[in-house]
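Notes for the one structure printed next.
Please read all numbers here as calculations on a predicted model, not as lab measurements. The chains referred to below are lettered A, B, ... by the order of the sequence lines, with proteins before strands, and numbering in each begins at 1.
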There are 2 protein chains.
Amino acid sequence: MAAPATRKYGGLSASQRQSSRRTRLVEAGLDVLGARGLSNMTMTAVCARAGLTERYFYESFRSLDELLVAMFDAFSVPTHEAIDAALKQAPADLFERCRAAAGALIDSLTDDPRKARAYVEAISSTPLHERRAATMRAYAEVLAEQMRLLSGLEADHYRAPLRLITTMLVGGLAEAVSEWLNGMLKLSKDEVADEASRLCVAAAEALSRSKTTSTAS
Amino acid sequence: MAAPATRKYGGLSASQRQSSRRTRLVEAGLDVLGARGLSNMTMTAVCARAGLTERYFYESFRSLDELLVAMFDAFSVPTHEAIDAALKQAPADLFERCRAAAGALIDSLTDDPRKARAYVEAISSTPLHERRAATMRAYAEVLAEQMRLLSGLEADHYRAPLRLITTMLVGGLAEAVSEWLNGMLKLSKDEVADEASRLCVAAAEALSRSKTTSTAS
DNA sequence: TCATATTGACAGGATGGTCTGTCAGATACT
DNA sequence: AGTATCTGACAGACCATCCTGTCAATATGA
């Protein structure tokens with residue numbers, strides 16, 4: 001009985017239309033999450049906001065959690081790219097590189113007010129919490145890499161402590177940004193990035209000092 | 001019509017019985033949260049676990065969120081007390097005091113396996129997230145106090161940066177403990193506490209160095 | 001032993017959200 | 001224009017949970 005059909009519509013192919021709907025749902029999700037909070041973010045509300053029927057929800061996502069993950073990626077991926085780009089341009093100095101990365105992170109997170117709200121609210125979702133943990137681990141690894149390269153922490157016995165320290169620094173920055181977004185920290189963007197980067201440098205120095213017995217290679 | 005009645009039952013007064021039920025609900029909440037996760041923690045499940053009818057749930061709590069907050073307090077209060085006690089005994093040295101506090105925190109969190117699970121899961125709840133934020137602020141303030149006293153950071157212009165740094169350190173420790181509980185960090189309890197405390201000392205030193213121009217009092 | 005408080009069990013309505021199905025109207029290909 | 005596809009609107013079944021009410025069984029004090 002002929003091909004399973006796939007016709008142009010509104011000048012768009014079937015897959016274009018589908019991915020456009022998906023995008024609309026993700027955007028609507030950000031709107032709803034920002035405006036009404038996570039507990040009021042239901043499929044019904046998201047679909048209404050997107051101007052789509054619930055039927056189309058299942059076309060792109062199997063559950064709200066899947067949408068949540070897609071929303072997270074929608075702003076965590078660009079953020080990650082911004083950080084990568086900033087790092088590529090920064091000079092080979094630990095403080096400068098931390099500054100560049102932290103600045104890129106904060107800028108990326110604050111360029112869309114919805115992101116800020118989502119970033120804070122998002123933690124209150126179990127699947128997102130896991131996603132967030134994975135992202136944090138990745139950032140911690142990037143930071144560890146920088147420290148290894150720029151502070152001579154190559155030795156193997158640094159691995160575990162370095163991992164702990166970078167986890168703390170990255171987690172700490174996340175917490176600080178969260179507090180800053182809530183208006184609890186009376187500092188400018190730049191000051192936040194500055195202080196955080198200084199702490200990274202101090203941490204690297206402390207680490208290289210603490211095991212000084214076997215580092216004079 | 002006599003008095004509104006209040007009779008002993010099982011050797012307990014009315015208020016004793018009520019508070020006992022409340023305790024049972026909190027305990028059951030910890031069990032359910034630990035065993036089945038936050039999304040499966042419903043009133044029905046908690047009541048079943050507690051061996052109480054849903055009617056009694058409303059006697060002590062108006063909503064699941066209220067129970068969640070009570071559960072949080074049930075282990076955050078003892079933890080806070082443990083930290084206070086540890087700080088009282090510790091010598092007047094920043095590293096030692098950080099070590100004592102961090103050790104007390106970790107010990108308190110790991111003495112009951114349910115706490116650990118709850119600590120990780122708990123973040124995925126909006127009301128708890130706020131509670132957590134308040135607790136973190138309190139811990140950050142305690143740490144800031146220690147730094148001020150023991151590292152000569154009394155000057156007023158330290159306030160904002162110090163607050164940022166302590167927020168990062170406390171938030172970082174929380175993240176690290178969370179990762180450690182997940183088995184992502186191959187370190188012993190003591191090593192975690194040691195490294196974290198060392199980072200606190202390094203942070204204090206960096207802070208006092210960075211504004212050295214006006215500190216030579 | 002009797003009366004009354006207290007309890008646990010259960011029933012069931014109310015609510016809110018998830019899904020699936022139908023259908024008329026709009027759009028595009030021939 | 002005619003036909004087939006695609007779309008959005010709606011209806012409503014289904015389900016889980018919340019929450020309240022009733023009631024018999026039990027424990028207590030008099």
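The base of D:dT28 sits within donor-acceptor range of the side chain of B:R7, with an N or O pair under 3.5 Å. The base of C:dT6 is not paired with the side chain of B:Y56 by any donor and acceptor separated by under 3.5 Å.
Listed in residue order, the members of residues 23-55 of chain A having a heavy atom less than 4.0 Å from DNA chain C are A:T42, A:M43, A:T44, A:E54, A:R55.
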**Message:** Dot-bracket for DNA chain C, please. Rules: Watson-Crick or G-U, both distances under 3.5 Å, ( ) within the strand, [ ] when a pair crosses earlier ones, | for another strand, . otherwise.
**Reply:** ||||||||||||||||||||||||||||||
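B:D65 places its CG atom 11 Å from the P atom of D:dC19, with the value rounded to the nearest Å. Atom CD in B:E59 sits roughly 14 Å away from atom P in D:dT20 (whole-Å rounding). Rounded to whole Å, the distance from CZ on A:R62 to P on C:dG17 is 23 Å. Regarding B:Y9, its OH atom lies at a distance of 10 Å from the C1' atom of C:dT4, rounded to whole Å.
In this view, A:D194 and A:R99 satisfy the side-chain hydrogen bond (donor to acceptor under 3.5 Å, both in side chains) rule, not counting sequence neighbours. B:D65 pairs by the salt bridge (Lys or Arg N to Asp or Glu O under 4.0 Å) definition with nothing, not counting sequence neighbours. A search for salt bridge (Lys or Arg N to Asp or Glu O under 4.0 Å) contacts involving A:R117 returns A:E121, not counting sequence neighbours. When the ring-ring contact (aromatic ring centres under 6.0 Å, His included) test is applied to A:Y139, the partners found at least two apart in sequence or on another chain are A:H80. The ring-ring contact (aromatic ring centres under 6.0 Å, His included) search around B:H129 returns none, not counting sequence neighbours. Remark: A:E191 engages no residue in a salt bridge (Lys or Arg N to Asp or Glu O under 4.0 Å) (not counting sequence neighbours).
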Pairs under 3.5 angstrom only: tabulate donor-acceptor contacts from the side chains of residues 140-150 of chain A to other protein residues two or more places apart or in another chain.
| from | atom 1 | to | atom 2 | distance (Å) |
| --- | --- | --- | --- | --- |
| A:E141 | OE2 | A:R148 | NH2 | 2.9 |
| A:E145 | OE1 | A:R148 | NH2 | 3.4 |
| A:Q146 | OE1 | A:R97 | NE | 2.5 |

Please report, to 0.1 Å, the donor-acceptor pairs under 3.5 Å made by any side chain of residues 174-182 of chain B, with sequence neighbours excluded.
| from | atom 1 | to | atom 2 | distance (Å) |
| --- | --- | --- | --- | --- |
| B:E175 | OE1 | A:R132 | NH2 | 2.7 |
| B:E179 | OE1 | A:R137 | NE | 2.7 |
| B:E179 | OE2 | A:R137 | NH2 | 3.0 |
| B:W180 | NE1 | B:L187 | O | 2.9 |

Please list each protein N or O that sits under 3.5 Å from an N or O in nucleotides 13-15 of chain C, with the distance.
none

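One finds a salt bridge joining B:R198 and B:E195 here, because a Lys/Arg side-chain nitrogen approaches an Asp/Glu carboxylate oxygen to under 4.0 Å.
A close approach under 4.0 Å does occur between a side-chain nitrogen or oxygen of B:Y58 and OP1 or OP2 of D:dC19. Dashed line: the shortest gap from a side-chain N or O of B:R17 to OP1 or OP2 of C:dT7 is under 4.0 Å.
Applying the ring-ring contact (aromatic ring centres under 6.0 Å, His included) test to residues at least two apart or on different chains, the pairs with a partner in residues 25-58 of chain B are B:F57-B:F61.
Proximity of A:M41 to A:M71: side-chain heavy atoms (C-beta onward) are separated by under 4.5 Å at one or more points.
In this structure, A:F57 reaches neither bases nor backbone, as no heavy-atom distance under 4.0 Å exists between it and the strands shown. Residue contacts for B:L64: at a heavy-atom cut-off of 4.0 Å it reaches the sugar-phosphate backbone alone, with no base atom in range.
Taking the nucleotide of DNA chain D with the nearest heavy atom to each of B:K8 and B:S63, the more 5' of the two is matched to B:S63.
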